Asks: 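One structure is given below, represented as structure tokens, and several questions about it will come after.
Throughout, a chain's letter reflects where its sequence line sits, starting with A, and its residues are numbered from 1. Just so it is clear, the structure is predicted and the values come from calculations on it, not from any experiment. Values below: every heavy atom of this structure, side chains too, minus hydrogens, waters and symmetry copies.
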Amino acid sequence: MRFQLTEDQRALRDGVRQLLARRFDADALRVAVASPGPDRALWRELGAAGLFALRLPEAEGGVGLGLPEAVLAFEETGRALLPGPLIATHLAAGTVPGADTGEAVVTAVDGSLVEWLTQADVVRGDASGAVPLRSVDPLTPLHRVGPDTPGAAVAAPDPVAVLLTAAEQLGTATRVCELAVGHARTREQFGQPIGAFQAVKHLCADMLVRAETARAAVYAAAVTADPADVAAARLLADEAAVRGARDCLQVHGGMGFTWEAEVHLHLKRAWVRAQRGGGVTESEESLAVDLVG
Amino acid sequence: MDLSYTPEEEDFRARLREWLAKALPTLPARPSPDDWPARRAYDAGWQRMLYDAGYAGLHWPVDAGGRGATPTQHLIFLEETEKAGAPYVGANFVGLLHAGPTIAAEGTPQQRARWLPPVLRGDEVWCQGFSEPDAGSDLASLRTRAWRDGDAYVVSGSKIWTSHAEVADWCELLVRTDPSAPKHRGITWLAMPMDAPGITVRPLRTLAGSAEFAEVFLDEVRVPVANRVGAENDGWRVTMVTLSFERGTAFVGEVVACRRVLGELARQARRNGRWDDPVLRRRLGRLNAEFRALWRLTQWNVSEAEAGGGVPGVGGSVFKLRYSHARQELYDTAAEVLGADSLDLDRTWVLDRLSSLSYTIAAGTSQIQRNIVAERILGLPKGR
């Protein structure tokens, strides 16, 4: 058993990370906040790099890789806060023309929400009667669709979409831990770095524990593709991202509450992702049933 | 990323299963939890069966008498023995998981030849004399003193949380040999024979009502200098070898057991109607996610240890923090399923709930573990 990244998987992860560091740095993030809308040039570059066609068979012009590689790639897009309906476009590769190359931006209805409706070229699912809402996340435009009644029947979520969202959440969980640690090492109060205080140190330690536990669950689900593993990965990754971003904000103190610091963007995106794929309740219920099944 | 096992590993698993199926029915009845001599005899008998079948000291190096198994084979062994309902390592815990590996790593050839074979055969039982009433999390501040007197150390002081002290033959003991040195540099590791004059063992009753631990009082106990492992005043470093083993694969069997308990809990909830409470169901669902993840984290850590040479590192702290909390949550949820029965000590899971309370304290409290994670993994500065 070798439940570790292979050399090729490390190279793929590093490659995506370098591409995003070059093409979507802190300045690009600020620009995107001021004027959201998928950067079409970047989108095509991601297409050329194989992000959307990653799991498409080589015979169909794809990269021919599997779920583990897709999870590693989307962990990086999550980490970088890259905006746009990336997962929906990835899932449309091979079905919607142009999705695989990044020429077509594809979004999908997910429950009662649809992200990037106005900006997308293609919408999958029934978005008729969609009404825009003032999105809490400045980097994710949202529309509401269908009846706004809790418990209304919605299509069962695609487990691959759920897993790739969990991968993005894992990226956020890792990134916010790094941000918190970086701040705690340099910010001084009472004559020492705040990271020397156990109260701060323990917040950071818990962030890492949640992220690493989620990592094991997300990577395992990528290997097995088992629905219960995917549901577990989702629960742990949501928790690691949302609570991690909250703790990161806390470690940043007053600066964390500003628009200028990037911390709030991670938290808001984590909230948006936590709404995808049928919500937490269904995942918990399905895992309860799994115990007696 | 691969969760499949190699043909060699599958073969190892198959042969182990086959042996367990034949061996387990020959075990005698389990002794009463309060009968320590009977417990020792039972644990020794099981260890002897493992020894005769070639499974003793599986993870020990071959030159120490072990099998030199890979971390993955060790994982399979712990998983399969737990699933088959085999006995827990019990009285042989310290010998096989603490003192033995320490002697294997740091002992002289004579010391290895003297102490390791009886541990592997189940003939000799070890206990651990590390913690003291005033040296818990701050273990290095321990004050049990040892003076040189000819070819012996004379030891006085007291130790606490010593499991199996009543039935142990040997104690791996930490003593202070240089009180003027910085606290980490004046400690020495000794193997103390438990029948030496001057040793008093007093059982320590836990909140679960049982005497799982003991206090050990030492009044001018003579320990031969030949029983020192490592150099004088180098005992802290010698000990750290041991502690890194304690935080390694030690919980594999327990995670397997917790997953079984969780399934039983859910079925019990179905039977007694608690299942209709959606809050309880969701709690069970979350625990399912939790223990699935902990199993995967175990596999991840074992694979990492295999790639890195076999000694688990500080990643064990991440696991222990999460697992100890999850175990408590599991048995708190069990209490919710049981309702009023959760107050009845004769019901399943009630004693387990009580003993789960020690998990965030023993082998490094959660607070100490967080310091380790923050300082050694995240690189945050030590406080002043």
Asks: Quick one: pull up OG1 in T72(B) and CZ in R2(A) and give me the separation to the nearest 0.5 Å.
Replies: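 Nearest 0.5 Å value for the OG1-CZ distance: 7.0 Å.
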Asks: Counting neighbours of CD on Q250(A) that are heavy atoms of other residues, nucleotides or ligands and sit closer than 6.0 Å, is the number greater than 12?
Replies: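 Atom CD in Q250(A) is not crowded, with 12 or fewer foreign heavy atoms closer than 6.0 Å.
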Asks: Using 0.5 Å steps for rounding, measure from the CG atom of D226(A) to the CG atom of L3(B).
Replies: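 So the gap between those two atoms works out to 11.0 Å.
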Asks: Taking every non-hydrogen pair under 4.5 Å, which of E290(B), R259(B), Q299(B) racks up the most with chain A?
Replies: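 Greatest number of close heavy-atom pairs with chain A: Q299(B).
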Asks: Which bit of Y219(A) comes within less than 4.5 Å of chain B, counting heavy atoms only: side chain, backbone, both or neither?
Replies: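 Answer is both: backbone and side chain atoms of Y219(A) are under 4.5 Å from chain B.
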Asks: Give, as side chain, backbone, both or neither, the part of A231(A) having an atom under 4.5 angstrom from any heavy atom of chain B.
Replies: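 Interface part for A231(A): neither.
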Asks: Highest number of heavy-atom pairs under 4.5 Å with chain A: which of S4(B), A289(B), G379(B)?
Replies: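 Looking at each of S4(B), A289(B), G379(B) in turn, A289(B) comes out on top.
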Asks: Looking at M1(A) and V302(B), what are the two nearest heavy atoms and their distance?
Replies: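 Looks like CE-CG1, 4.3 Å.
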Asks: Go through the atoms of R270(B) and report whether side chain, backbone, both or neither lie under 4.5 Å from a heavy atom of chain A.
Replies: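 For R270(B), side-chain heavy atoms alone lie under 4.5 Å from chain A.
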Asks: Determine whether L378(B) and M207(A) make a side-chain contact, defined as any pair of heavy atoms from C-beta on separated by less than 4.5 Å.
Replies: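 L378(B) does not reach M207(A) side chain to side chain.
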Asks: Taking the side chain as every heavy atom from C-beta outward, state whether E284(A) and R281(B) have any atom pair closer than 4.5 Å.
Replies: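 With C-beta onward as the side chain, the pair stays apart.
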Asks: Side-chain contact, heavy-atom cut-off 4.5 Å: V209(A) with Q369(B)?
Replies: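 In short, these two side chains do not touch, never coming nearer than 4.5 Å.
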Asks: How many angstroms lie between atom CG of L380(B) and atom CD of Q198(A), to the nearest 0.5 angstrom?
Replies: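 Result: 11.5 Å between the selected atoms.
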Asks: How many angstroms lie between OG in S286(A) and CG in N288(B), if you round to the nearest 0.5 Å?
Replies: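 Interatomic distance, S286(A) OG to N288(B) CG, rounded to 0.5 Å: 8.5 Å.
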Asks: A222(A) versus chain B, heavy atoms under 4.5 Å apart: side chain, backbone, both or neither?
Replies: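 No part of it gets close to chain B.
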Asks: Based on non-hydrogen pairs under 4.5 Å, which of T213(A), V181(A), V200(A) is most in contact with chain B?
Replies: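 It is T213(A).
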Asks: Go through the atoms of D8(A) and report whether side chain, backbone, both or neither lie under 4.5 Å from a heavy atom of chain B.
Replies: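 The answer is neither part of D8(A).
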Asks: Using modelled atom types only, decide if a donor and an acceptor are shared between the side chain of E212(A) and the backbone of V318(B) within a distance under 3.5 Å.
Replies: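 Flag not set: sc E212(A) to bb V318(B) has no pair under 3.5 Å.
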Asks: Answer yes or no: is there a donor N or O on one side and an acceptor on the other, between the side chain of Q192(A) and the main chain of G383(B), under 3.5 Å?
Replies: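 Looks like no, no N/O pair under 3.5 Å.
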Asks: Checking E69(A) against chain B: side chain, backbone, both or neither under 4.5 Å from a heavy atom?
Replies: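 It is neither, since no heavy atom gets under 4.5 Å.
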Asks: More than 12 heavy atoms of other residues, nucleotides or ligands under 6.0 Å from CZ of R17(A): yes or no?
Replies: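 Buried by this count: over 12 neighbours within 6.0 Å.
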Asks: Nearest 0.5 Å please: distance from the CD atom of E375(B) over to the SG atom of C204(A).
Replies: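 SG of C204(A) is found 11.5 Å from CD of E375(B).
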Asks: Do the side chains of R292(B) and L236(A) get nearer than 4.5 Å, heavy atoms only?
Replies: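 They are not in side-chain contact.
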Asks: Return the minimal non-hydrogen interatomic distance between A216(A) and A293(B), and the atom names on each side.
Replies: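 Heavy atoms of A216(A) and A293(B) come nearest at CB-O, 4.1 Å.
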Asks: Given heavy-atom pairs under 4.5 angstrom as the criterion, report whether the side chain, backbone, both or neither of R210(A) touches chain B.
Replies: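 It is both, since atoms from each part get that close.
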Asks: Counting heavy-atom pairs under 4.5 Å with chain A, which one of L280(B), L321(B), L262(B) comes out on top?
Replies: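 Most pairs with chain A among the choices: L262(B).
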Asks: Please check if atom CZ in R246(A) has more than 12 non-hydrogen atoms from other residues, nucleotides or ligands closer than 6.0 Å.
Replies: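 It does not: R246(A) CZ has 12 such atoms or fewer within range.
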Asks: Identify which part of L75(B) has an atom lying under 4.5 Å from any heavy atom of chain A, answering side chain, backbone, both or neither.
Replies: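 Contact with chain A: side chain only.
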Asks: Any side-chain heavy atom of Q4(A) within less than 4.5 Å of one from E304(B)?
Replies: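 Yes, close enough: below the 4.5 Å cut-off.
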Asks: Compare all side-chain heavy atoms of L5(A) with those of M1(B) and state whether any distance is below 4.5 angstrom.
Replies: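 In contact.
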Asks: With chain B, which of D229(A), L235(A), T6(A) has the greatest number of heavy-atom pairs at distances under 4.5 Å?
Replies: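 Highest number of pairs under 4.5 Å: D229(A).
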Asks: Does the K201(A) side chain pair with the main chain of P381(B), one donor and one acceptor, at a distance under 3.5 Å?
Replies: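 It does hold such a pair.
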Asks: Please check if the number of heavy atoms outside H184(B) that lie under 6.0 Å from its NE2 is greater than 12.
Replies: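 Yes, enclosed.
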Asks: Quick check: closest heavy atoms across S303(B) and F3(A), and the distance to 0.1 Å?
Replies: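 Closest approach of S303(B) to F3(A): OG-N, 2.9 Å.
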Asks: So, do L287(A) and R286(B) sit near enough that their side-chain heavy atoms are less than 4.5 Å apart?
Replies: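 No, side chains not in contact.
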Asks: Side chain, backbone, both or neither: which part of W295(B) has a non-hydrogen atom closer than 4.5 Å to chain A?
Replies: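 For W295(B), no heavy atom lies under 4.5 Å from chain A.
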Asks: Quick one: what part of V223(A) sits under 4.5 Å from any heavy atom of chain B, side chain, backbone, both or neither?
Replies: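 Answer is side chain: those atoms of V223(A) sit under 4.5 Å from chain B.
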Asks: Report which part of T281(A) has an atom under 4.5 Å of a heavy atom belonging to chain B: side chain, backbone, both, or neither.
Replies: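 It is both, since atoms from each part get that close.
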